[in-house]
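Take a look at the structure set out below.
All residue numbers refer to positions in the sequence shown, counting from 1. When reading the values below, keep in mind they use all heavy atoms of this one structure, side chains included, and skip hydrogens, waters and symmetry mates.
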Amino acid sequence: MPPLKRTVTPAQAQVRLEDLCAKAERCTWELRQKLRLWQIAPSEAEAIIDRLTRTRFVDDARFAHSVVHDKVSFERRGRLYLRRYLAARHIPSATIADALVEIDEDVYQKNLVHVLQARLRSKPELAETFEGRTKIYRYGVARGYEPALVSEVLKALLRK
């Protein structure tokens with residue numbers, strides 16, 4: 001027998017979303033996804049999102065700044081990754097640009113150095129061949145760092 005599908009009223013949906021937003025930073029796109037999943041009518045969903053925005057439970061700019069800070073600090077991700085991540089959540093490009101400006105350039109470079117050094121330590125044989133160095137380069141680019149910066153930092157690391 002298939003599980004019974006519980007319906008969620010707009011009032012219940014708002015309370016659930018307030019609870020979600022109180023626990024972690026969310027963006028309006030994620031909330032719209034939840035409302036769509038709960039089969040809330042689009043007009044009611046927009047009203048709920050509007051109320052949550054007015055009461056500051058959700059703020060896309062605050063979300064973008066939070067994501068940039070956390071992903072740079074803890075995951076050591078690059079700007080290109082962050083831009084794609086936020087764009088996938090329908091954050092406006094101006095908001096993304098404002099959030100990315102906050103990245104401290106020294107911390108950003110140190111993060112890239114740390115990421116590439118860790119890769120070199122885990123697989124030291126990669127530094128010996130062109131193919132291996134290319135793999136390390138691609139790893140840095142895949143983490144979201146700019147290709148020119150990865151190339152520059154990798155050359156400096158290999159010279160040591």
Side-chain angles (χ1 to χ4, degrees), residues 13-14 16-40 42 45-124 126-127 129-158:
Q14 180 162 349
R16 283 186 182 185
L17 292 180
E18 286 173 357
D19 198 37
L20 274 174
C21 292
K23 291 177 183 173
E25 203 62 61
R26 307 282 177 185
C27 66
T28 54
W29 178 80
E30 290 172 338
L31 301 183
R32 280 189 183 91
Q33 295 296 101
K34 288 279 187 198
L35 290 167
R36 192 174 301 124
L37 180 71
W38 295 334
Q39 298 177 348
I40 302 295
E46 285 309 310
I48 291 170
I49 296 288
D50 188 48
R51 281 193 297 274
L52 292 172
T53 303
R54 273 185 287 131
T55 55
R56 306 258 312 139
F57 273 101
V58 65
D59 181 354
D60 284 345
R62 191 176 63 215
F63 172 78
H65 290 280
S66 173
V67 164
V68 167
H69 175 267
D70 290 352
K71 298 251 181 230
V72 168
S73 300
F74 303 118
E75 293 182 20
R76 294 191 165 120
R77 291 295 187 157
R79 285 187 188 96
L80 301 178
Y81 170 87
L82 294 167
R83 189 176 304 280
R84 284 190 309 265
Y85 183 90
L86 292 170
R89 281 151 184 78
H90 302 271
I91 304 296
S93 16
T95 306
I96 294 172
D98 287 345
L100 292 176
V101 166
E102 287 187 3
I103 297 173
D104 181 344
E105 202 57 43
D106 290 338
V107 170
Y108 189 72
Q109 291 245 352
K110 286 177 185 173
N111 283 350
L112 176 57
V113 168
H114 182 273
V115 163
L116 295 178
Q117 280 179 334
R119 192 65 167 184
L120 281 167
R121 272 194 307 273
S122 71
K123 298 185 178 183
L126 292 179
T129 66
F130 177 77
E131 286 178 5
R133 290 187 296 273
T134 303
K135 284 182 181 184
I136 296 169
Y137 167 81
R138 283 195 315 246
Y139 179 74
V141 172
R143 304 260 324 158
Y145 290 94
E146 297 83 352
L149 183 61
V150 173
S151 179
E152 177 185 320
V153 169
L154 184 57
K155 283 178 188 173
L157 285 174
L158 292 174

Does a sphere of radius 6.0 Å around [atom1] in [X] hold more than 12 heavy atoms from other residues, nucleotides or ligands, not counting ones at 6.0 Å or beyond?
{"X": "K34", "atom1": "NZ", "answer": "no"}
{"X": "H69", "atom1": "NE2", "answer": "no"}
{"X": "E105", "atom1": "CD", "answer": "yes"}

For residues [X] and [Y], report the shortest heavy-atom separation together with the two atoms involved.
{"X": "L120", "Y": "A127", "result": "CD2-CB, 3.8 Å"}
{"X": "I40", "Y": "A45", "result": "CG2-N, 3.8 Å"}
{"X": "L82", "Y": "R77", "result": "CD1-O, 4.4 Å"}
{"X": "A87", "Y": "I96", "result": "N-CD1, 3.7 Å"}
{"X": "R56", "Y": "D59", "result": "NH1-OD2, 2.8 Å"}
{"X": "A13", "Y": "L35", "result": "CB-CD2, 3.8 Å"}

Side chains of [X] and [Y]: closer than 4.5 Å at any heavy-atom pair?
{"X": "L158", "Y": "L154", "answer": "yes"}
{"X": "I91", "Y": "V67", "answer": "no"}
{"X": "L86", "Y": "F63", "answer": "yes"}
{"X": "L157", "Y": "I136", "answer": "no"}

Distance in Å, [X] [atom1] paired with [Y] [atom2], rounded so as to fall on 0.5 Å steps:
{"X": "T129", "Y": "K135", "atom1": "OG1", "atom2": "NZ", "answer": "8.0 Å"}
{"X": "R26", "Y": "D60", "atom1": "CZ", "atom2": "CG", "answer": "13.0 Å"}
{"X": "R133", "Y": "S151", "atom1": "CZ", "atom2": "OG", "answer": "11.5 Å"}
{"X": "R36", "Y": "L31", "atom1": "CZ", "atom2": "CG", "answer": "11.5 Å"}
{"X": "T28", "Y": "H90", "atom1": "OG1", "atom2": "NE2", "answer": "9.0 Å"}
{"X": "Y145", "Y": "Y139", "atom1": "OH", "atom2": "OH", "answer": "9.5 Å"}

Can you give the donor-acceptor pairs under 3.5 Å from side chains of residues 17-24 to other protein atoms, not counting sequence neighbours?
from, atom 1, to, atom 2, distance (Å)
E18, OE2, Q14, NE2, 3.1
D19, OD2, K23, NZ, 3.4

request  = Any pair with a residue in residues 106-119 that passes side chain to side chain donor-acceptor pair (under 3.5 Å), sequence neighbours left out, goes on the list, sorted by first then second residue, please.
outcome  =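 Listed by first then second residue: R76-N111, R76-H114, Y108-E146.
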query = Can a cation-pi geometry be assigned to K71 and Y85, taking NZ or CZ under 6.0 Å from the six-membered ring centre and within 45° of the ring axis?
reply = yes
query = Is there a donor-acceptor pair closer than 3.5 Å between any side-chain N or O of T134 and the backbone N or O of F130?
reply =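 Yes, the answer is positive, given that a donor and an acceptor are paired below the 3.5 Å cut-off.
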